[in-house]
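Every heavy atom of this structure was used, including side-chain atoms; hydrogens, water molecules and symmetry mates were not. Just so it is clear: chains get the letters A, B, ... in the order the sequence lines come, proteins before strands, and each one is counted from 1.
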Amino acid sequence: MFQVPDLYEECFTLVKQIPAGMVSTYGILAKALGDEIAARAVGQMLGENQNSFLRSDLPEEKLIPCHRVVYADGRIGGFTSEKGVEDKIRLLEREGVRVQDGKVADFREKLFQDFVSSEPLKRLRGEQEKLAEKIWLEDDFTLGEFGILDVAYRGRRGYCAMVVFDLNGSQRTTFAATAEINFPYIPTYLAYRELPMILKVLEYYRPSLLLIDGNGILHPRKMGIAAHAGVVAEIPCIGAAKSLLGGQLEGEKIFIRGEHVGYKCGKYYVSPGHRVSIESARKIVERYSHLIPLAHGAAKRTAILK
DNA sequence: GCGACAG
DNA sequence: ATCTTGTCGC
């Protein structure tokens with residue numbers, strides 16, 4: 001089974017470790033979660049904190065002191081709105097943290113960094129590296145029908161739709177699944193946000209080939225969501241992303257650390273995920289990329305209707 | 001100061 | 001993708 005940590009829970013548990021009178025930063029919290037790349041995701045998660053110190057109706061142990069988290073240079077950072085930042089400053093001053101010129105005074109002395117954490121993202125990186133060994137980059141599929149999959153969100157709930165097409169690109173059937181999402185978007189960890197929903201949809205129907213919005217091996221650990229889905233579900237899979245996640249573009253070819261991992265096809269950055277060659281991935285996207293927006297529309301409709 | 005940073 | 005609480009490196 002595919003287990004995903006509740007990163008909101010992990011993040012809030014860490015924030016509770018910051019003592020009154022001290023502050024920490026989004027980046028230090030991200031490091032405690034296991035990867036500094038999650039700094040923005042930390043900010044996003046704190047933005048969804050429903051138990052801030054502005055809540056007077058909750059017992060103290062339920063409160064999450066997200067006002068104690070500031071930017072890496074000591075500036076105050078966000079708190080929902082411009083008005084919210086005033087609240088954040090007031091809460092900090094009440095705890096003995098002075099704010100001068102929009103920055104925490106004596107920032108270095110006030111900075112808390114001794115988090116006790118299992119660094120969950122570190123484990124996930126290890127899992128990605130392990131799974132990457134199973135990627136197969138030769139054609140091992142029958143091009144009969146194929147599925148295009150996309151995801152939409154409404155708050156903490158995700159909606160996944162897979163539209164199945166036949167070889168002429170005629171639309172056949174749509175399958176959909178939804179799930180509560182406890183993992184924010186973090187660059188290079190997309191699978192941990194979306195794969196649970198994708199696996200649910202694949203329980204309803206397994207097409208002979210799958211096209212996913214995102215990367216395959218065009219990823220620092222070769223484990224973009226299309227590779228991750230392909231290996232975990234053991235299904236032929238291609239990734240098509242609308243923007244580049246690292247790598248160098250040389251003509252139509254995309255390289256990572258000198259290795260050819262995919263192609264730019266029209267507006268898409270294409271890389272194989274599993275059981276598909278780089279060349280076939282390119283040909284299939286060239287032929288069918290006009291259908292990708294249909295899956296996006298299907299996911300959106302699912303999200304609105306539910 | 002601007003871009004990188006899948007969705 | 002939504003909805004708006006980053007950070008680092010050039």
Nearest-neighbour nucleotide for the A:Ala152 side chain, C:dT5, C:dA1, C:dT2 considered:
C:dT2
Students often get this wrong, so: under 4.0 angstrom with heavy atoms, is A:Tyr268 touching a base, only sugar-phosphate, or nothing?
nothing
Atom-to-atom span, OH of A:Tyr159 to C1' of B:dG7 - whole angstrom
17 Å
How is A:Gly158 classified with respect to the nucleic acid when contacts are heavy atoms under 4.0 Å: base, sugar-phosphate, or nothing?
nothing
Counting any heavy atom closer than 4.0 Å, what does A:Ser243 reach on the DNA or RNA strands: base, sugar-phosphate only, or nothing?
sugar-phosphate
Look at all strands and tell whether A:Leu244 reaches a base, only sugar-phosphate, or nothing, counting heavy atoms closer than 4.0 Å.
sugar-phosphate
Are the side chain of A:Thr302 and the backbone N or O of A:Tyr159 linked by a donor-acceptor pair below 3.5 Å?
no
A:Leu211 CG to B:dG7 C1', straight-line distance once rounded to whole Å:
15 Å
Transitive ILVMFWY side-chain link A:Val231 to A:Val4, under 4.5 Å:
yes
How is A:His228 classified with respect to the nucleic acid when contacts are heavy atoms under 4.0 Å: base, sugar-phosphate, or nothing?
nothing
Report which part of the nucleic acid A:Gly47 touches: base, sugar-phosphate, or nothing (heavy-atom distance under 4.0 Å, all strands).
base
Name the nucleic acid region contacted by A:His67, choosing base, sugar-phosphate or nothing; use a 4.0 angstrom heavy-atom cut-off, strictly under.
nothing
Decide whether A:Glu194 and A:Tyr153 meet the rule of one side-chain donor and one side-chain acceptor closer than 3.5 Å.
yes
In whole Å, what is the span from the CD1 atom of A:Ile37 to the P atom of B:dA4?
14 Å
To the nearest Å, give me how far apart CD1 (A:Ile186) and P (C:dT7) are.
14 Å
Closest of C:dT5, C:dC8, C:dA1 to the A:Cys66 side chain is C:dT5
Nearest whole Å is fine: how far is B:dG7 P from A:Leu245 CG?
9 Å
Where the side chain of A:Arg68 meets the backbone of A:Ile18, is there a donor-acceptor pair that is under 3.5 Å apart?
yes
Nearest-neighbour nucleotide for the A:Ala39 side chain, B:dG7, C:dT5, C:dT7 considered:
C:dT7
Expressed as a whole number of angstroms, how long is the span from A:Lys267:NZ to B:dG7:P?
11 Å
A:Arg94 vs A:Phe53 side-chain heavy atoms within contact, under 4.5 Å:
yes
Would you mind telling me which of C:dA1, C:dG6, C:dT7 lies closest to the side-chain atoms of A:Asp213?
C:dA1
Heavy atoms under 4.0 Å, any strand shown: does A:Gly239 hit a base, just sugar-phosphate, or nothing?
nothing
As a test of reading the structure: which of C:dT7, B:dC5, B:dG7 is closest to the side chain of A:Asp150, going by heavy atoms?
B:dG7
I want to check one thing: is the phosphate of C:dA1, taken as OP1 and OP2, less than 4.0 Å away from some side-chain N or O of A:His296?
yes
A:Asp35 has an atom CG; how far is it from atom C1' of C:dT7, in whole Å?
12 Å
Identify whether any heavy atom of A:Glu48 sits under 4.0 Å from a base atom; if not, whether one sits that close to sugar-phosphate; answer base, sugar-phosphate or nothing.
nothing
Checking B:dG7, C:dG6, C:dT2 against the side chain of A:Lys300 (C-beta onward), the nearest is C:dT2
N/O donor-acceptor pair, side chain A:Tyr153 with base C:dT2, under 3.5 angstrom:
no
Member of A:Val23, A:Val85, A:Val69 meeting the side chain to side chain contact (heavy atoms under 4.5 Å, CB included) criterion with A:Ile76
A:Val85
Of the candidate nucleotides C:dG6, B:dG7, C:dT2, which contains the atom at the shortest distance from the side chain of A:Lys242?
B:dG7
Please report, rounded to the nearest Å, how far the P atom of B:dG7 is from the NE2 atom of A:His219.
13 Å
Mind checking the CZ-CD1 spacing from A:Arg193 to A:Ile225? Nearest 0.5 Å is all I need.
10.0 Å
Mate of C:dT5 across any strand shown (Watson-Crick or G-U wobble, both atom pairs under 3.5 Å) is none
Within the 4.0 Å heavy-atom criterion, would you say A:Arg193 contacts the bases, only the backbone, or no part of the nucleic acid?
base
Mind checking A:Tyr71 for me? I need base, sugar-phosphate or nothing, with any heavy atom below 4.0 Å counting as a touch.
sugar-phosphate
